[in-house]
Asks: 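Have a look at this one.
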There are 2 protein chains.
Amino acid sequence: MRISQLAAATDVPVATIKYYLREKLLHDGVLTSATQARYDDSHVRRLKLIRALIGTAGLSVSATREVLLGLENPPESGHDLLGIAHHAVTRTAPDDVDLSSAQTLLDRWGWGAETCDRDTQAALVRALHGLSEAGFDAPAALLDRYAAAMQDIAEADVESVPTDSAEAAMQHVILGTLLMEPVLLAMRRLAQQSASFQLLGGTESPRQSGAQ
Amino acid sequence: MRISQLAAATDVPVATIKYYLREKLLHDGVLTSATQARYDDSHVRRLKLIRALIGTAGLSVSATREVLLGLENPPESGHDLLGIAHHAVTRTAPDDVDLSSAQTLLDRWGWGAETCDRDTQAALVRALHGLSEAGFDAPAALLDRYAAAMQDIAEADVESVPTDSAEAAMQHVILGTLLMEPVLLAMRRLAQQSASFQLLGGTESPRQSGAQ
DNA sequence: TGACTTAGATAGTGGCACTCGCCAATATTG
DNA sequence: CAATATTGGCGAGTGCCACTATCTAAGTCA
């Protein structure tokens, strides 16, 4: 398979494939001469994965590279899989936030603070801080309810990880974490619309697309 | 309050404030002469809100402008509030996706398809499509479990909306939708880490920040 | 043989969120 | 009142990012 065929098979422009090759997101094809290389199904799969991570999950190119690197070199610990996926989506801000408020919440929800990544805790603190800065006071009861729902989801996540193969587990955890986020958010919005229609009552038909 | 004091009070550079003024994110101050204007607490609050929407929620400047516009001109229908918030976070891709698969899911989850915004349905379809393109087959049972959890959350969302004032409801819905998303995602990651530690068992201490 | 394709490298594009510099007009300070 | 600092308004520049275009030498295929 030549590069133009790879492009046709994945609907990705040739120039973009070359860019991914340069950026080491996509592994090189087999050179058959100085100006020809062969690509195969592994490139097709990889390219679709790259597009999903960049397009659907919204990762940056460098974060995508790290995730793919993790997929190829699975860590020994079964727990570290998550770290790779979580690190990719956690906006790492070097400003050290105060994690004590996170500790309190994690204790309350029964999530061992010592088993949780500091960056992720910082992400929670930053998100809550942004909320309060904007003048939104989230009642503790509401947060607790959110936490219970997310624990449900996380348990489903962890239980659904295949245990037979390390590679399969790796793939599952990373994709299940990264690519499921937009699914969950879309679900929440749809559920909100449904719930608001039932409780608040829509006076007329809901707002449809063309809002511009 | 002069612009430099406004900058000091919000920790936003003067040049950036001027940029927000130009982009109509921040309302003008009261001109006291050709080259002086006064700002007040409303500007401080607005600026913090802008920063939260752009920084925490990750909105673009133009999406932020639309949200702020919606905050000032609340729609009559109580249901349309959501549309403004949801439109801001929904990557509007002009490619018309096939919504029939979404209809099936919405029916199964008891969310009236006719009460749901098309853009949001399209977002769900696109997210699920990205998932399958990457080689991740989400079992229906898993999606159902996710949907149940998100319905819990959405009900909590809708119930917590204050009913006394239209402005308060507006503010609550928009911030609760947009700024809560990063909170929820961080919660899911923490819950995953906690659950994975308990079920899969971490062989050693979890991966801590410095992954670079 | 001659039209077409490719690897590899360099350079350019468009969008975004700022950021800078300037100027005339004004405010503040001594 | 004079010297200094600040401001509104505006055009232009910056840095980053994800591509995208172009070029050349070296092939492939009919």
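Quick note on labels: first sequence line is chain A, next is B, and so on, each numbered from 1.
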Asks: Of the non-hydrogen atoms in His87(A) and Asp119(A), which two are nearest, and what is the gap between them?
Replies: ND1-OD2, 3.8 Å

Asks: Using a 4.0 Å heavy-atom cut-off to protein, can you give one letter per nucleotide of nucleotides 9-23 of chain C, 5' to 3': B if the base is in contact, S if only the sugar-phosphate is, - if neither?
Replies: -B------BBB----

Asks: Without swapping roles, check the side chain of Arg65(A) against the backbone of Glu23(A) for a donor-acceptor pair under 3.5 Å.
Replies: yes

Asks: How close or far is atom P of dG9(D) from atom CD of Gln36(B), stated in whole angstroms?
Replies: 11 Å

Asks: Is Ser4(B) touching bases, backbone alone, or none of the nucleic acid, heavy atoms closer than 4.0 Å?
Replies: sugar-phosphate

Asks: Contact class for Leu31(A) (heavy atom, under 4.0 Å): base, sugar-phosphate, or nothing?
Replies: sugar-phosphate

Asks: Quick check: does any side chain N or O of Gln5(A) sit under 3.5 Å from a backbone N or O of Arg2(A), one acting as donor and the other as acceptor?
Replies: yes

Asks: What's the CD1-P distance between Ile3(A) and dA21(D), to the nearest Å?
Replies: 15 Å

Asks: Do Ile84(B) and Glu66(B) have side chains that get closer than 4.5 Å, going by heavy atoms?
Replies: no

Asks: Can you tell me how far C1' of dT7(D) sits from CG of Leu6(B), to the nearest Å?
Replies: 13 Å

Asks: Indicate whether the side chain of Arg46(B) and that of Tyr39(B) have a donor and an acceptor atom separated by less than 3.5 Å.
Replies: no

Asks: When the nearest nucleotide of DNA chain D is assigned to Ala34(A) and to Ser33(B) on a heavy-atom basis, which residue is associated with the more 5' position?
Replies: Ser33(B)

Asks: Name every residue in residues 37-47 of chain A that has at least one heavy atom under 4.0 Å from any atom of DNA chain C, in order of residue number, or write none if there are no such residues.
Replies: Ala37(A), Tyr39(A)

Asks: With a 3.5 Å distance limit and no angle check, can you tell me whether Thr177(A) reaches the backbone of Val173(A) through a side-chain donor-acceptor pair?
Replies: yes

Asks: Within this structure, what is the CD-to-C1' distance between Glu23(B) and dG11(D), rounded to whole angstrom?
Replies: 14 Å

Asks: Salt-bridged, Asp157(A) to Arg188(B), with N to O below 4.0 Å?
Replies: yes

Asks: Consider the side chain of Arg2(A), meaning its heavy atoms from C-beta on, and name the nucleotide among dT26(C), dT28(D), dG27(D) that approaches it most closely.
Replies: dT28(D)

Asks: Starting at CD of Gln5(A) and ending at C1' of dC29(D), how long is that distance when rounded to a whole Å?
Replies: 13 Å

Asks: Less than 4.0 Å between a side-chain N and a carboxylate O, is that true for Asp117(A) and Arg189(B)?
Replies: no

Asks: Does the plane of the ring in His27(A) sit parallel, tilted or perpendicular to the ring in His43(A)? Use 30° and 60° as the thresholds.
Replies: parallel

Asks: Write down the distance between CG (Leu21(A)) and P (dA18(D)), rounded to a whole number of angstrom.
Replies: 16 Å

